Amino acid sequence: MKHQRPINSGILVVDYGSQYTLLIVRKLREIGTYAEVIGGRASNPPAGFDFHGIILSGGPDSVDLEGARSLAPWIVDSNKPILGICYGMQLLVSAFGGEIQSGDRREYGKSKMSLSLEMNSRAANVFYGLETAQQVWMSHGDDVKQLPECFESVGTTDGDVQAAIVHKELPIVGLQFHPEVQHTSCGKSILENFVKDLCKQSSNWQADDMMTSTTKYIRDTVGEGKVLMAVSGGVDSTVAAVLMTKALGPERVTAVFVDHGLLRKNECGWVSDNLRLLGIKNLHVIDAKDTFLKKLSGVTDPEAKRKIIGETFIEIFEEFAEQSSDFTHLGQGTLYPDVIESAGDGAGAKVIKSHHNVGGLPEKLKLKLVEPFRFLFKDEVRTLGLELGISKDLVNRHPFPGPGLAIRILGEVNQEDLELLREADHIFIEALKENNLYDHTWQAFAVLLPIRSVGVMGDNRTYEKTCALRAVTASDGMTAGVTPLTIEFLTSVSDQIIRKIPGVNRVVYDISTKPPATIEWE
Ligand code: XMP
């Protein structure tokens, strides 16, 4: 299916399987430039996209290994400025006749780069205005052994690891480090210089454009038809449903909310009330709590749980859709990261978890798709939501995964544990809100662990469950830091949980970053 782009020009990002490819796109949009991703094995550039420069992502391959993704000829032949990042730089070095070595000089995390100030080539303009000492973020096993004749080094780490290189004549730059990661302090300047100076790409991406382009897209796509939408109560599907209603009128949009019983405290009522207040007239809430719980009985493997929940959700939704022949379109709040993560669009990052969300509905429904956010990121959808008059409370709600609390109860899911976790989570979230910490946290939640430990309450020995608290800072969930909550705050939450929830006698705080951990525990 062909999808209408909001904008037809910008920068093209070629993905070689990096976990950070979308961060590159995100950073470019932050500096006002529209960008799109194409898979590293694509043998042609995308049709209809007028790109002014190309960024090659990093990736897990080694250039000389069999089956490794190579530099497609159209990339150099396009004569557009190129910025190669990590594996992308190694591909450039190899393609221009240099040598890459594997091995012992791996760097992971922050490094100090010394930048040369004697830069003569045009490509070196990307380093314009930077100090000679820079903190950069590295994640590589291979590095440059021999530069091609036509390249020169402009930055090194550890004395001799090539960290930044430029072509002597062409507008081609290679970076061993990741400018898209926030720990590279000069990363944004480098990307901005590349886009504006080398690619001559003017700003073409602003929040105001999004309302006009998404509304037009919905009207063009749906025509005189009727839309069926699965809503989850999350930001994306809510904003999508409201936008559809605004674009098409309330009679032509029907929202379906499947209550799988894995929701947070009071969530079903809260979501339905909100959707009605936001002008969604046709809302159907399907109570499927028992079905989900039965299917999850005895299942402990995280991927198996995810699969069962995804499939059951689809079955229930399909059943509803089949009862009416009235609908022409299926509306979904699918975001750009979901599109890129699905193999269909050619990107090749390893699947860490199979995601379930309302964007995963099947083609079998015989409805045409309408996905107004297919090219947007979450924070862009939030901006759109505020513009549509949706309350801050809803728009700034923390993300909640499709499989819900089932992936926050480690091991088998049962009713008793669901209730226990719901209460613990509620206590934590309310405390964050009361202390003005909720909006400074990307996501926070409680997790129920399948271990018991010994405690003492009153004069009695207890042998009860452990609850973990997780709070992370992030800009898109692809990487995450730990929210630095004070020990006073944490102990106060812990006291409340242990006091109010029978069955929990220990609370721990998760202090791992992503990577190497993930945000959810399953
Ligand atoms: P991880 O755990 O992969 O999570 O670091 C990154 C972000 O994705 C959310 N998440 C999901 N969202 N369906 C969703 O809609 C899912 O199956 C799913 N699994 C994880 C997670 O909450 C975090 O915001």
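Start at 1 and go down the list; that is how both ligands and their atoms are numbered. Along the sequence shown, the residues carry numbers beginning at 1. Just so you know, these numbers come straight off a predicted model, no measurement behind them.
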What atoms of ligand 1 come closer than 4.0 angstrom to any heavy atom of [X]?
X      : answer
Gly402 : 13 (N), 14 (C), 15 (O), 16 (C)
Thr518 : 1 (P), 2 (O), 5 (O)
Gly477 : 6 (C)
Lys514 : 1 (P), 3 (O), 5 (O), 6 (C)

### Query
Out of Lys378, Gln443, Glu522, whose heavy atom sits nearest atom 23 (C) of ligand 1?
Gln443

### Query
Heavy-atom count around Glu315 CD within 6.0 Å, excluding the residue itself: above 12?
yes

### Message
Parallel, tilted or perpendicular: which one describes the rings of His260 and Phe292, with boundaries at 30° and 60°?
### Response
perpendicular

### Message
Check for me whether Arg374 meets the cation-pi criterion with Tyr217, that is, NZ or CZ under 6.0 Å from the six-membered ring centre and within 45 degrees of the ring axis.
### Response
no

### Query
Backbone N or O of Lys226 within a donor-acceptor pair of the Thr328 side chain at under 3.5 Å?
yes

### Task
Say whether, by atom type as modelled, one donor and one acceptor occur between the side chain of Asn435 and the main chain of Ala431 under 3.5 angstrom.
yes

### Query
Under 3.5 Å, N or O to N or O, is Phe400 touching ligand 1 that way?
no

### Message
For the 3.5 Å polar cut-off, considering only N or O atoms, please tell me whether Pro403 and ligand 1 meet it.
### Response
no

#### Entry: Among Arg397, Arg382, Lys378, the one residue meeting salt bridge (Lys or Arg N to Asp or Glu O under 4.0 Å) with Asp236
Lys378

### Query
Does Arg306 have a heavy atom less than 4.0 Å from any atom of ligand 1?
yes

